[in-house]
Amino acid sequence: MAQKPSIPKGTRDFLPDQVAKRNYLYGTIRTAFEKYGFQPIETPSFELSSTLLGKYGEEGDRLIFRILNSGEKMKKADLEALKEDNLARFANSLAEKALRYDLTVPFARFVVQHQHELSFPFKRYQIQPVWRADRPQHGRYQEFYQCDADVVGSDSLNYEVDFVLLFDEVLTELNIPDFTIKINNRKILSGIAEITGESDRLVAITVAIDKLDKIGKEGVEKELKERGVSEKAIQQIQPLFELNGTNEAIVGRMKDFLQGSEIGLRGVEELEFVFKKVEQLGLRRGKLEFDVTLARGLNYYTGAIFEVKANGINMGSICGGGRYDDLTGIFGMPGMSGVGISFGADRIYDVLNELDLFPKNVSNTLDVLFVNFGENESDVCRTYIKEIRANGFSSELYPENAKMKKQMKYANDRNVRFVALVGEAEFASELIQLKDMISGEQTELSLEEVIHTLMKL
RNA sequence: GUGGUUGUAGCUCAGUUGGUUAGAGCGCCUGAUUGUGGUUCAGGAGGUCGUCGGUUCGAGACCGAUCUUCCACCCCA
């Protein structure tokens, strides 16, 4: 019985012209990464569950795809846990492997494992798919590509500056007209919690104020209250919702606000450094914006945090990142600070598509298709094709002596640039009728002239 | 994971309170045009109405389950 073909939710097939666009995107990102001194690595698509679990918060664990144990290993299932209704432990006993959820945690594992083969600061980039068992939505998939650049082994703020420039470089190269690089610092969030006497509720506070642009000032106050933050603290935090003006102005306000919080002030100073250096160097199209309400869910961040939004389009953040001071500590290598960023390739693809920003000629299909007029003509066509290919252009012969109309239509459907006709007359004269499929013009040329025409494009 | 929403031809969608043979546009195929595509004209093919089950004399339409789509949460690229 024929099965109706389909793919799992949140996944996609890519047609040739889509792949061409994606390769253009990856190519642009890769070029910039290498320009900034990052080297590529790759890690497996799946890791041990123990490597991944517990690194992304409770919510994160729920979204990790588990790989069911196979064969005899099925017998390892922890039936006790099932009886005790401990579903998390039961699930872990059923799946000792899991698909990677992002590229940062596997990278931390990689660094610890290969520490003696690397020199620090180690800068790597990685362009690979990741998987999340999330419910699909606009710009949200279960399988998508992340393009990450990270550096570990240095806490220099120089890298924060470089990453801001890198965001700007890539997104400007991709022609995105208007985007905002939002930046904040986890130390500032800690400072806010400290100043208001709510250090215990740091997570609650960050989660709530992160929602400011979505649920508004009143919504955040309500949520803070629900999460048990004191009335007094809410009153103190409230002015932060209305911070505006230049980054420098906000820096000034935050310095006042965080007076007495050593950690908070350090966060502000770090950002101040980044603003100054970026200011000196200048950005091409991006706007750098100090957003005190930017929090980000991933709980391993400890310093600067980044998020990039394309303006004028309904799409979640297209890039993210931040500094993590001790991600490798979990794998037994403490004191190794790292900072990194991630480009959401699939979301950027959607943005470029919706804004019609892809260059027109990303999909080069075939330069010259030779029409098949029969065996004698085909023989000489094959020698022409060999020569054209040797000159670096793509060319092929239509496989059979079909009707001209059919061959032309095929050329048209495939977006072939030129059609070459070598029939009886051209065979005798050793010339080629070359038809430009865009203009429709047709000229009789020698092979050398055909190659010359291709090189002029 | 919670709440809602969608599914009819390759694609985008019509299809009346349940009633005979399920339609359109685009695309596709053939011909007008046996050495010329993209334009035009004429003709043609293509659907177990997401899937399984139920109600009914009768279901594309009503009910249930399931899968999928999109949306709002949660979270995030």
Side-chain angles (χ1 to χ4, degrees), chain A residues 1-12 15 25 29 56-64 87-88 101-104 127-148 203 206-208 210-211 214-215 219 223 294-299 305-310 314-322 340-351 369 371-374 377 398 401-427 433-442 444:
Chain A
M1 191 167 76
Q3 181 190 348
K4 187 174 179 175
S6 64
I7 54 175
K9 69 175 170 193
T11 65
R12 294 143 305 153
L15 275 63
L25 214 176
I29 294 172
Y56 308 103
E58 291 170 49
E59 283 301 317
D61 279 3
R62 202 193 75 209
L63 300 175
I64 292 172
L87 292 180
Y101 175 90
D102 71 357
L103 301 176
T104 305
I127 299 178
Q128 290 191 278
V130 302
W131 293 268
R132 292 185 190 176
D134 204 355
R135 200 171 280 208
Q137 257 179 63
H138 183 61
R140 183 175 255 222
Y141 308 97
Q142 293 205 336
E143 178 184 58
F144 62 97
Y145 273 71
Q146 285 193 331
C147 309
D148 276 29
V203 175
T206 57
V207 168
D210 191 40
K211 293 182 192 165
K214 201 174 265 178
I215 59 178
E223 179 145 349
L294 174 65
R296 296 186 59 75
L298 295 165
N299 58 12
I305 43 185
F306 307 104
E307 204 160 283
V308 182
K309 275 267 317 166
N314 175 29
M315 182 69 65
S317 56
I318 54 175
C319 308
I341 60 171
S342 180
F343 288 82
D346 296 86
R347 280 191 183 175
I348 295 171
Y349 179 97
D350 289 346
V351 169
L369 178 76
V371 171
N372 190 322
F373 282 96
E377 291 87 346
Y398 192 85
N401 182 3
K403 279 185 192 164
M404 176 76 116
K405 187 185 167 81
K406 188 171 179 187
Q407 301 195 41
M408 290 301 292
K409 184 166 161 41
Y410 179 71
N412 195 58
D413 291 346
R414 271 188 67 179
N415 256 311
V416 170
R417 189 62 238 278
F418 293 99
V419 168
L421 298 109
V422 181
E424 216 174 325
E426 294 80 9
F427 181 71
Q433 287 281 350
L434 190 71
K435 175 160 179 150
D436 184 325
M437 292 299 280
I438 293 171
S439 67
E441 280 170 31
Q442 191 169 316
E444 196 168 55

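Every chain is numbered from 1 and lettered A, B, ... according to where its sequence line falls, protein lines coming before strand lines.
When every heavy atom of A/E143 is checked against every heavy atom of A/T11, the shortest pair comes out as CB-CG2, 4.4 Å.
If you check every strand for non-hydrogen atoms under 4.0 Å, A/I318 touches sugar and phosphate atoms only. Residue A/E424 is classed as a base contact, given a heavy-atom separation below 4.0 Å to a base. Note on A/F343: nothing from the nucleic acid sits closer than 4.0 angstrom, heavy atoms only. A/K435 comes within contact range of at least one nucleobase, with a heavy-atom separation under 4.0 Å. Using a 4.0 Å heavy-atom criterion, one finds that A/G374 contacts no nucleic acid atom at all. Nucleic acid contact for A/V207: sugar-phosphate only, since backbone atoms but no base atoms lie under 4.0 Å from a heavy atom of the residue. At a threshold of 4.0 angstrom between heavy atoms, the contacts of A/E426 include nucleobase atoms, whether or not backbone atoms are also involved. Base engagement by A/D134 is indicated by at least one non-hydrogen atom pair under 4.0 Å involving a base atom. Base engagement by A/G440 is indicated by at least one non-hydrogen atom pair under 4.0 Å involving a base atom. At the heavy-atom level, A/G139 lies under 4.0 Å from base atoms of the strands shown. Using a 4.0 Å heavy-atom cutoff across all strands shown, A/A345 reaches no nucleic acid atom at all. A/I438 comes within 4.0 angstrom of a base, heavy atoms only. When heavy atoms are screened at a 4.0 angstrom cut-off, A/Q146 is found touching the sugar-phosphate backbone but no base atom.
Look at CZ on A/R135: it is 16 Å from P on B/U6, rounded to the nearest Å. Look at CD on A/E223: it is 13 Å from C1' on B/C75, rounded to the nearest Å. Straight-line distance from the NZ atom of A/K409 to the P atom of B/U30: 9 Å, rounded to whole Å. Between the CD atom of A/Q137 and the C1' atom of B/U68 there is a distance of 15 Å, rounded to whole Å. Rounded to whole Å, atom P of B/A77 lies 9 Å from atom CG of A/D148. Between the C1' atom of B/A72 and the CG atom of A/N314 lies a distance of 12 Å, rounded to the nearest Å. When the C1' atom of B/G38 is taken as reference, atom CZ of A/R417 falls 14 Å away, rounded to whole Å. In this structure, CE of A/M404 is placed 16 Å from P of B/U30, rounded to the nearest angstrom.
Within the structure, a side-chain polar atom (N or O) of A/K211 is placed less than 4.0 Å from OP1 or OP2 of B/C75. A/K406 has no side-chain polar atom (N or O) that falls below the 4.0 Å cut-off from OP1 or OP2 of B/U36. Within the 4.0 Å cut-off from OP1 or OP2 of B/G31, at least one side-chain nitrogen or oxygen of A/K403 is found. A close approach under 4.0 Å does not occur between any side-chain nitrogen or oxygen of A/Q442 and OP1 or OP2 of B/U36. OP1 or OP2 of B/A77 sits under 4.0 Å from a side-chain N or O of A/R296.
With RNA chain B read from its 5' end, the first of the two nearest nucleotides for A/Y101 and A/K9 is the one closest to A/K9. Between A/R132 and A/M437, the residue whose closest nucleotide on RNA chain B is further toward the 5' end is A/M437.
A/E424 CD: 12 or fewer foreign heavy atoms inside a 6.0 Å radius.
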Inset, instruction - Any chance you could lay out the side chain to side chain contact (heavy atoms under 4.5 Å, CB included) test for A/F144 and A/R132, step after step, and finish with the verdict? - result: CA-CA 9 Å; A/F144 62 97; A/R132 292 185 190 176; 3.8 Å; yes
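Within the 4.5 Å cutoff, no side-chain heavy atoms of A/D346 are placed close to those of A/D350. Using a 4.5 Å heavy-atom threshold, the side chains of A/C319 and A/R347 count as separate. Side-chain contact between A/I438 and A/R417: present, with at least one pair of heavy atoms (C-beta onward) separated by less than 4.5 Å.
Pair assignment for B/C41 gives B/G31, based on Watson-Crick or G-U wobble hydrogen-bonding distances that are each under 3.5 Å. Base pairing of B/C26: its partner is B/G10, meeting the Watson-Crick or G-U wobble criterion (both donor-acceptor distances under 3.5 Å). Pair check for B/A72 finds B/U2; Watson-Crick or G-U wobble, both atom distances under 3.5 Å. In this entry B/U36 has no Watson-Crick or G-U wobble partner, no candidate having both defining distances under 3.5 Å. Checking B/G18 for Watson-Crick or G-U wobble geometry (two distances, each under 3.5 Å) identifies no partner in any strand.
When the P atom is used for both B/G60 and B/G23, the distance is 14 Å, rounded to whole Å. Across B/G58 and B/U2, the matching P atoms stand 37 Å from one another, rounded to whole Å. As rounded to the nearest Å, B/C11 and B/C28 have C1' atoms that lie 11 Å from one another. A gap of 15 Å separates the C1' atoms of B/A59 and B/C52, to the nearest Å. For the C1' atoms, the distance from B/A9 to B/C71 is 28 Å, rounded to whole Å. Here, B/U55 and B/U48 have their P atoms 25 Å apart, quoted to the whole Å. Across B/C13 and B/U8, the matching C1' atoms stand 9 Å from one another, rounded to whole Å. Here the separation of B/U69 from B/G27, taken at their P atoms, is 28 Å to the nearest Å.
To the nearest 0.5 Å, atoms CE (A/M404) and NZ (A/K409) are separated by 15.5 Å. Here CG of A/L421 is found 6.5 Å from CE of A/M408. Values are rounded to the nearest 0.5 Å.
A/R140 contributes no side-chain N or O that forms a donor-acceptor pair with the base of B/C71 under 3.5 Å. Interface remark: the A/N412 side chain does not form any donor-acceptor pair with the B/G38 base, using a distance-only criterion of under 3.5 Å.
Of the candidates B/G37, B/A72, B/G35, the closest approach to any side-chain atom of A/F373 belongs to B/G35.
Between A/Y398 and A/Y410, the ring planes lie perpendicular to each other; the angle is over 60°, past the 30° to 60° tilted range.
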